[in-house]
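Just so you know, ligand 1 is whichever comes first in the structure, and atom 1 is the first atom listed for that ligand.
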Amino acid sequence: MSNLQNDLFLRAALGQTTERPPVWLMRQAGRILPQYRALRANFPDFKAFVKTPEAAAEATIQPVDELGVDAAIIFSDILVVPEAMGLDYEMIEAKGPRFPKVIEQAADVAALDAGAAAATRLDYVYAALRLTKSQLAGRVPLIGFAGAPWTIFAYMVEGGGSKTFSKARRMLYTDPELSHALLQKITDTTIAYLRGQVAAGADLLQIFDSWAGELPPAHYATFAVPYLRQICEAIPEVPKTVFAKGAWFALPELAELPCQVIGLDWNITPQYARQVVGTGKTLQGNFDPCALYAAPAQVRAEVQAMLEAFGPQRHIVNLGHGVYPDTPLDGVRAFVDAVRAYAFES
Ligand code: CP3
């Protein structure tokens with residue numbers, strides 16, 4: 001496929017036969033790597049880092065060099081989208097994101113920019129993608145990404161992470177119309193943004209719905225799935241992965257989306273997911289990130305068990321969520337190496 005030296009990841013995404021499953025890790029570009037921490041130390045804060053294409057490109061390629069993963073994911077964050085829409089955030093060291101101003105009423109939604117007008121403010125991400133693409137020189141595919149509308153909505157209404165997401169979930173009951181208006185603005189911006197990423201060289205797009213599991217199934221069907229569908233339908237040019245963390249209950253609907261890959265967390269068995277999704281899509285996941293703290297021999301055994309549970313073909317190996325920053329590199333290496341040593345029976 002195209003000019004890639006290693007196209008395992010894209011072949012698996014498209015359902016083509018592979019010699020072994022491809023492997024990468026969510027949040028592979030980041031604090032698990034000493035090289036990342038050294039590079040990051042040159043910047044006053046996370047946002048300055050993200051907005052410097054040379055640094056973002058370097059962080060993106062570090063795990064390819066250091067771990068031998070089969071795909072790179074552009075170094076950025078899902079929160080650049082609300083920022084481009086006019087809702088500024090701060091990244092507080094060791095705590096996480098915080099939005100000084102949040103969305104509470106109709107006037108707040110009306111004041112937001114959306115679509116192409118907002119997405120042009122993300123030129124620095126497109127620049128990082130172009131630079132990364134050229135520096136990768138076809139070694140592995142490059143993944144672009146965005147947050148799913150519901151997850152971005154949750155940050156914009158809550159103003160940060162939350163134990164209950166009760167402000168964001170409350171709005172779905174008390175003002176469904178306003179909720180839909182905000183979700184649509186986020187969706188329009190996300191579509192323009194993801195199109196820009198494809199134009200800049202992204203080979204596949206992943207949509208992170210990190211807070212999917214917070215919603216009751218009826219709300220997930222009403223306030224999340226239709227917007228995921230709009231995004232998937234708007235960008236037919238590249239394969240797409242939908243990762244809806246905690247949304248095992250929505251798997252039948254996710255299986256109907258026009259995407260090629262479904263990401264799974266560790267709360268679901270591969271056998272159950274395959275039974276619900278059928279053979280028409282590739283499954284990605286779903287190693288418990290905490291298993292990486294075990295001794296390398298145990299990591300290898302757990303990987304073997306996971307690979308057998310998924311069965312041959314249409315599987316992209318990943319964790320069930322992002323790698324935790326204090327994970328020992330030995331565990332991460334054992335994970336990647338165990339997959340790379342595996343061969344499907346022919
Ligand atoms: O390697 C990669 O996967 C690419 C980079 C990437 C980052 N964030 C870098 C980052 C990706 C794909 C994301 C996505 C992201 N960001 C998600 C979706 C995935 C998920 O984990 O559910 C979410 C929910 C966010 C929001 C976010 N960004 C939080 C909650 C935090 C703070 C927690 C933390 O991990 O520190 C961030 C900050 C962030 N994003 C860091 C990195 C490397 C750490 C900041 C730093 O290094 O200074």
>> Evaluate Arg11 against Thr17 for side-chain contact (heavy atoms from CB on, under 4.5 Å), listing each step before the verdict.
In response: CA-CA 7 Å; Arg11 281 194 282 138; Thr17 306; 6.0 Å; no
> How are the rings of Phe287 and Phe335 set relative to one another: parallel (under 30°), tilted (30 to 60°) or perpendicular (over 60°)?
Replying inline: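 Rings of Phe287 and Phe335: tilted, 30 to 60°.
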> Looking at Tyr89, is Lys47 sitting on its ring face, NZ or CZ under 6.0 Å from the six-membered ring centre and within 45 degrees of the normal?
Replying inline: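 Geometry flag: set, cation within 6.0 Å and 45°.
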What short N/O contacts, under 3.5 Å, does ligand 1 make with the protein, listed by atom pair and distance?
from: ligand 1; atom 1: 1 (O); to: Gln28; atom 2: N; distance (Å): 3.2
from: ligand 1; atom 1: 1 (O); to: Ala29; atom 2: N; distance (Å): 2.8
from: ligand 1; atom 1: 1 (O); to: Ala29; atom 2: O; distance (Å): 3.4
from: ligand 1; atom 1: 3 (O); to: Arg27; atom 2: N; distance (Å): 2.8
from: ligand 1; atom 1: 8 (N); to: Asp77; atom 2: OD1; distance (Å): 3.0
from: ligand 1; atom 1: 16 (N); to: Asp77; atom 2: OD1; distance (Å): 3.0
from: ligand 1; atom 1: 16 (N); to: Asp77; atom 2: OD2; distance (Å): 3.3
from: ligand 1; atom 1: 21 (O); to: Arg27; atom 2: NH1; distance (Å): 3.1
from: ligand 1; atom 1: 21 (O); to: His321; atom 2: NE2; distance (Å): 3.2
from: ligand 1; atom 1: 22 (O); to: Ser210; atom 2: OG; distance (Å): 2.5
from: ligand 1; atom 1: 22 (O); to: His321; atom 2: NE2; distance (Å): 2.6
from: ligand 1; atom 1: 28 (N); to: Asp77; atom 2: OD1; distance (Å): 2.7
from: ligand 1; atom 1: 35 (O); to: Arg27; atom 2: NH2; distance (Å): 2.7
from: ligand 1; atom 1: 35 (O); to: Arg31; atom 2: NH2; distance (Å): 2.7
from: ligand 1; atom 1: 36 (O); to: Arg31; atom 2: NH1; distance (Å): 3.2
from: ligand 1; atom 1: 36 (O); to: Arg31; atom 2: NH2; distance (Å): 2.7
from: ligand 1; atom 1: 40 (N); to: Arg27; atom 2: NH2; distance (Å): 3.3
from: ligand 1; atom 1: 40 (N); to: Asp77; atom 2: OD1; distance (Å): 2.7
from: ligand 1; atom 1: 47 (O); to: Tyr36; atom 2: OH; distance (Å): 2.6
from: ligand 1; atom 1: 48 (O); to: Arg40; atom 2: NE; distance (Å): 2.8
from: ligand 1; atom 1: 48 (O); to: Arg40; atom 2: NH2; distance (Å): 2.8

>> Any donor-acceptor pair under 3.5 Å linking the side-chain atoms of Glu308 with those of Gln304?
In response: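 Indeed, the side chains of Gln304 and Glu308 share at least one donor-acceptor pair under 3.5 Å.
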> Any side chain to side chain donor-acceptor pair (under 3.5 Å) pairs touching residues 127-138, not counting sequence neighbours?
Replying inline: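 Qualifying pairs, neighbours excluded: Lys133-Asp203.
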> Got a salt bridge between Glu253 and Arg229, using NZ or NE/NH1/NH2 to carboxylate O under 4.0 Å?
Replying inline: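 The answer is no: the pair does not qualify as a salt bridge.
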